[in-house]
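Since the structure comes first, as structure tokens, the remarks are kept for the end.
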Amino acid sequence: MPRSGGCSRRWPGGAGSSDHAQAVFKAALPPLPEHEVALRLAHRLERQRILEGDTPTGYVGMLHEAALRM
């Protein structure tokens, strides 16, 4: 729900596909152990299910303009 001066946008896939998330976790420096990659991926998929599942939870996020200019 947009507010004055704002906009409403859906973030497809939460933050990309599970393959993309796994690639990001595997590229972490220092490298993460495989079990840590698996745990982070499972947590991300659960969060995505909560936000986009059959009964999605609402979420409102705000970014400061400075974060967009970094």
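Cluster partners of L63 are L68, counting Ile, Leu, Val, Met, Phe, Trp and Tyr whose side-chain heavy atoms approach within less than 4.5 Å, directly or via other members.
Among residues two or more places apart in sequence or in another chain, the side-chain hydrogen bond (donor to acceptor under 3.5 Å, both in side chains) test is passed with E36 by R40. Residues passing the side-chain contact (heavy atoms from CB on, under 4.5 Å) test with R47 are H43, R44, L51, sequence neighbours excluded.
Note: I50 CD1 to L45 CG = 11.5 Å, rounded to the nearest 0.5 Å.
Scanning both residues, F25 and L41, for their nearest heavy atoms gives CE1-N, 3.7 Å.
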